[in-house]
Amino acid sequence: MTPNDSTRRSTSLAGLAVLTVLVLVVTVWMSFQSQPSRPTPPVDSVGVPSDLTGFRSDAWFLPDDELLGFVKIPAGPFLMGSDATVDRLAFENERWSDDQPQGLVDLPTFYIGRYEVTVAQFAAFVTATGFRVDAQTLQGPPDGPVTAVSWPDALAYCRWLDTTLKESPQTPARLREFLLEAHGRNPRVGLPTEAEWEKAARGTDGRIYPWGNDPNRNRANYAGLGRTPVGSFDCPECAFGLADMSGNAWEWTRSPYQPYPYDTLDDRAHLDADSLWVMRGGSYADSEQNVRAAIRGGGDPGVRRPFMGFRVVISGF
Amino acid sequence: MSRHSTLSASGRSLSPASHRVFLVPLALTLSLAAVSVAPRVQGHATLTRSFWAAVLVLLIWQVVLFLYCRRTSARRSFQVVLRPQHYLQAMVQGAVFVYWGWYWQPVFDMAWLLVAQLMFAYAFDLLLSWTRRNSYVLGFGPFPIIFSTNLFLWFRDDWFYLQFLMVAVGFMGKEYVRWHRDGKLTHIFNPSAFSLGLFSLVLIATNTTDLTWGEAIATTLVRAPSIYLFLFLVGLVVMYFFSITLVAGSAALVLFGLSALYSAVTGVPYFIDSEIPAAVFLGLHLLVTDPSTSPRTPPGKLVFGALYGLGVFGLYSFLGAVGAPTFYDKLLCVPLLNLSVQRIDQAVGFFRAPSAVNRHQLDRASGRTNLGCMALWVLCFSVMATMGRTDGKHTGDSLPFWEQACADGRRNACERLLSIESVYCDDNSGWACNELGGHYTVGTLVTPEPELAVAYFSRACELRFQAACVNLLEPGRFAKANPKTLDLRLLLRERKRNLMEMPEHELYGRACEHDWAFACNRAPSADRP
């Protein structure tokens with residue numbers, strides 16, 4: 001073997017060694033690159049404080065009362081829809097039928113959130129589950145309504161809250177009692193139907209706004225510039241003591257957008273139709289016409305807008 | 001007569017002063033740095049950093065080499081040799097890029113990155129050669145290596161530094177992994193196939209295929225109309241000049257044959273929506289046919305091609321069974337075949353280390369055989385094309401076909417159905433996502449996974465597929481609905497571009513042809529004016 005051969009041989013071995021190391025390093029490196037990181041911001045980065053006045057940080061930032069902010073809406077009938085002779089701002093899609101302007105709808109007892117779901121509450125869900133959210137969803141004050149949530153996002157929160165409230169020892173005894181001991185029924189946390197929403201908003205006396213028949217900018221956040229913390233507007237006259245049923249953020253319901261008369265069985269009709277889901281209540285950006293209790297908007301379930309949020313109910317008793 | 005023997009390499013030796021010769025790699029490196037300021041590169045931070053890292057490595061390397069040469073008074077030179085197997089191959093591959101890119105924009109978006117890889121490849125190859133010996137053969141050698149690599153795999157911008165590494169590994173494999181063959185010390189592996197094979201293994205092992213465009217590359221070739229015909233025609237050029245008809249032809253015929261046999265036995269197509277996937281058809285023309293790393297004798301070439309066909313056929317099933325992306329099938333077997341080249345030649349009994357005279361006779365015989373084989377290949381392809389086995393509509397394009405095949409319990413049909421629906425769901429078909437959610441709810445095809453079902457329903461619902469939204473409201477129940485018009489624009493594309501511009505009546509006509517019964521009511525009937 002000549003010295004040249006020997007040198008060539010040693011550089012070959014060195015080259016092979018480098019090649020092997022290179023491939024091994026690439027393998028190790030790539031094993032750490034398996035998936036792009038989830039775009040979910042950590043909860044600290046959305047500025048959720050350890051304590052939030054009026055909300056329980058040990059109970060997913062739900063309101064601090066014995067039912068964690070759920071308010072009972074007793075069973076019974078209410079008038080749904082709008083009578084244009086009484087409510088001059090009513091839209092055509094609020095009319096019950098050709099024959100009658102409004103319809104009587106009888107609902108069983110249900111519980112509805114006093115406030116819209118807040119940023120802090122949604123952040124608790126995101127933190128607990130790693131749920132992927134849009135970058136703007138968790139922006140805003142922690143006690144403001146969460147917005148930029150799609151319809152499936154809202155349902156995902158409801159499913160999580162349902163399981164959590166039923167399973168966690170943090171759930172107040174009274175709330176857990178009626179969630180679990182339902183005598184053969186299966187009460188669930190979910191989105192309200194539009195009938196549930198409307199009854200909770202206007203009560204049983206057919207009022208146009210949650211507080212009465214006249215618009216009042218001291219009672220709700222509408223025709224304004226942005227979201228406000230939930231419950232910012234005192235409304236002693238409001239039906240059932242609920243806050244922000246008018247304005248602040250539009251609220252998703254679990255009802256498909258169908259012409260009236262309202263039918264609880266409409267869910268499974270028109271599966272071939274374009275998907276639109278009813279949203280209610282108007283937002284901070286709307287005028288007095290769009291924050292009436294009977295207003296019906298149709299929302300594309302995939303959109304996430306800074307003026308669209310939701311609140312939850314417990315129904316199925 | 002073999003064109004390989006008549007198309008000789010032209011070359012001349014250049015030996016400028018030792019230190020001035022280093023201006024060549026420096027110029028290449030600076031050109032690479034210049035490309036890094038192109039908007040395409042500057043638009044992405046990681047991509048820019050990848051370029052600078054490559055530039056830095058090349059600069060350090062040439063400085064060290066330069067200092068070493070100056071200290072030891074060693075001289076470095078290069079010789080310009082233009083080999084037809086390099087520039088003709090590169091022209092053919094370039095034509096494929098242009099034709100494919102015309103119908104799939106990311107290929108043209110990749111142009112600057114391709115140029116950059118070429119510069120990197122030249123500089124890297126040159127420095128690697130000078131590290132080991134005094135001279136470098138400068139020609140079009142890096143072109144087919146880079147083109148052939150990029151016809152099958154490239155990394156996304158966030159991981160583009162791995163593309164430079166892949167190129168480097170290809171050249172290192174060519175330089176360091178060698179054997180004595182035919183009395184000469186030569187590289188064992190086709191350089192691009194070596195790096196593609198290695199990186200494919202790593203990508204599969206680390207489950208990181210989504211760092212690359214691999215899947216998209218494999219499926220978008222067919223967006224170019226009549227791609228099989230195009231590949232066949234450009235393949236003829238390579239076949240004529242480099243006598244590789246036996247390799248490509250036997251691989252293609254084995255694949256066509258096995259595919260047809262499988263289809264006859266099971267009632268479903270083997271490769272889902274083609275007799276040979278277009279990317280495999282490309283591979284058997286331009287990846288496996290490197291004359292330097294394939295057998296020299298006609299029987300050897302025949303066996304080599306047939307083994308490639310068998311390898312792809314087997315790997316397709318194997319990769320599918322282990323849950324790996326199946327498009328790696330055409331890449332993984334090439335290095336193994338390269339390794340077996342000498343054994344193949346020995347096994348067929350023709351290889352006896354021919355002398356120069358024998359070699360010449362062999363080449364002449366090989367050239368005549370090649371022309372005969374080309375005629376046969378043209379005939380075979382014409383028959384297959386006439387039977388609609390290449391371009392055009394394929395049984396496997398129809399989703400109702402797969403639904404029926406699955407319901408009939410045909411082999412692998414349910415797995416294929418799931419896989420096709422996954423592709424369309426990723427493509428934003430609400431219908432497909434809802435169907436997938438249904439499978440994971442009902443559990444007839446797969447083990448029920450309620451969370452996965454909800455994820456699919458959510459996606460479908462956000463795509464405004466009403467049935468999916470309803471399914472979200474009542475976990476455990478599954479509501480189905482027919483595809484909507486937008487879904488049909490995706491589901492009926494027959495591996496090509498989405499049918500966004502197609503008039504609705506034509507769309508429903510095509511849906512009816514695909515056996516979507518509901519669509520026949522909305523399609524224009526044949527007897528209607």
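Chosen from B/Ala467, B/Cys461, B/Cys469, B/Ala205, the residue pairing most often with chain A at heavy-atom distances under 4.5 Å is B/Cys469. If you tally non-hydrogen atom pairs under 4.5 Å between each of A/Ala156, A/Pro152, A/Ser150 and chain B, the highest count goes to A/Pro152. With chain B as partner, the option from A/Asp153, A/Leu19, A/Leu191, A/Thr27 having the largest number of non-hydrogen pairs under 4.5 angstrom is A/Leu19. Contact tally against chain A (heavy-atom pairs below 4.5 Å) for B/Val169, B/Leu128, B/Asp158, B/Thr131: the top residue is B/Val169.
In this model, a donor atom of one side chain and an acceptor atom of the other lie less than 3.5 Å apart for B/Thr209 and B/Tyr328. Using a 3.5 Å distance cut-off with no hydrogens or angles, the side chains of B/Tyr456 and B/Asn434 do not pair a donor with an acceptor.
Under the 30°/60° scheme for interplanar angles, the aromatic rings of A/Trp277 and A/Trp151 are found to lie parallel. Aromatic ring pairs are classed by plane angle as parallel below 30°, tilted from 30° to 60° and perpendicular above 60°; the pair A/Phe122 and A/Tyr157 is parallel. By the 30° and 60° cut-offs, the orientation of the rings of A/Phe125 relative to A/Trp160 is tilted. A parallel orientation is assigned to the rings of B/Phe194 and B/Phe189, their planes being inclined by less than 30° (bins at 30° and 60°).
Neither the backbone nor the side chain of A/Val28 comes within contact range of chain B, judged by heavy atoms closer than 4.5 Å. When heavy atoms are compared at a cutoff of 4.5 Å, B/Pro475 approaches chain A solely by way of its side chain, counted from C-beta outward. Only the side chain of B/Leu162 comes within less than 4.5 Å of a heavy atom in chain A; its backbone stays farther off. For A/Leu276, the parts lying under 4.5 angstrom from a heavy atom of chain B are both the backbone and the side chain. A/Leu155 touches chain B through its side chain: at least one heavy atom from C-beta onward sits under 4.5 Å away, while N, CA, C and O do not. Contacts between A/Leu22 and chain B at a heavy-atom distance below 4.5 Å involve the side chain alone, from C-beta outward. Using a 4.5 Å cut-off between heavy atoms, B/Phe155 touches chain A through its side chain atoms alone. Residue B/Phe518 does not touch chain A at all, counting heavy-atom pairs closer than 4.5 Å.
Ring centroid separation for the pair A/Phe70 and A/Tyr111 does not come in under the 6.0 Å cut-off.
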Going through the distances and angles, do A/Asp274 and B/Lys484 end up as a salt bridge (charged side-chain N to carboxylate O under 4.0 Å, His left out)?
CA-CA 9 Å; A/Asp274 256 2; B/Lys484 298 198 309 190; 3.0 Å; yes
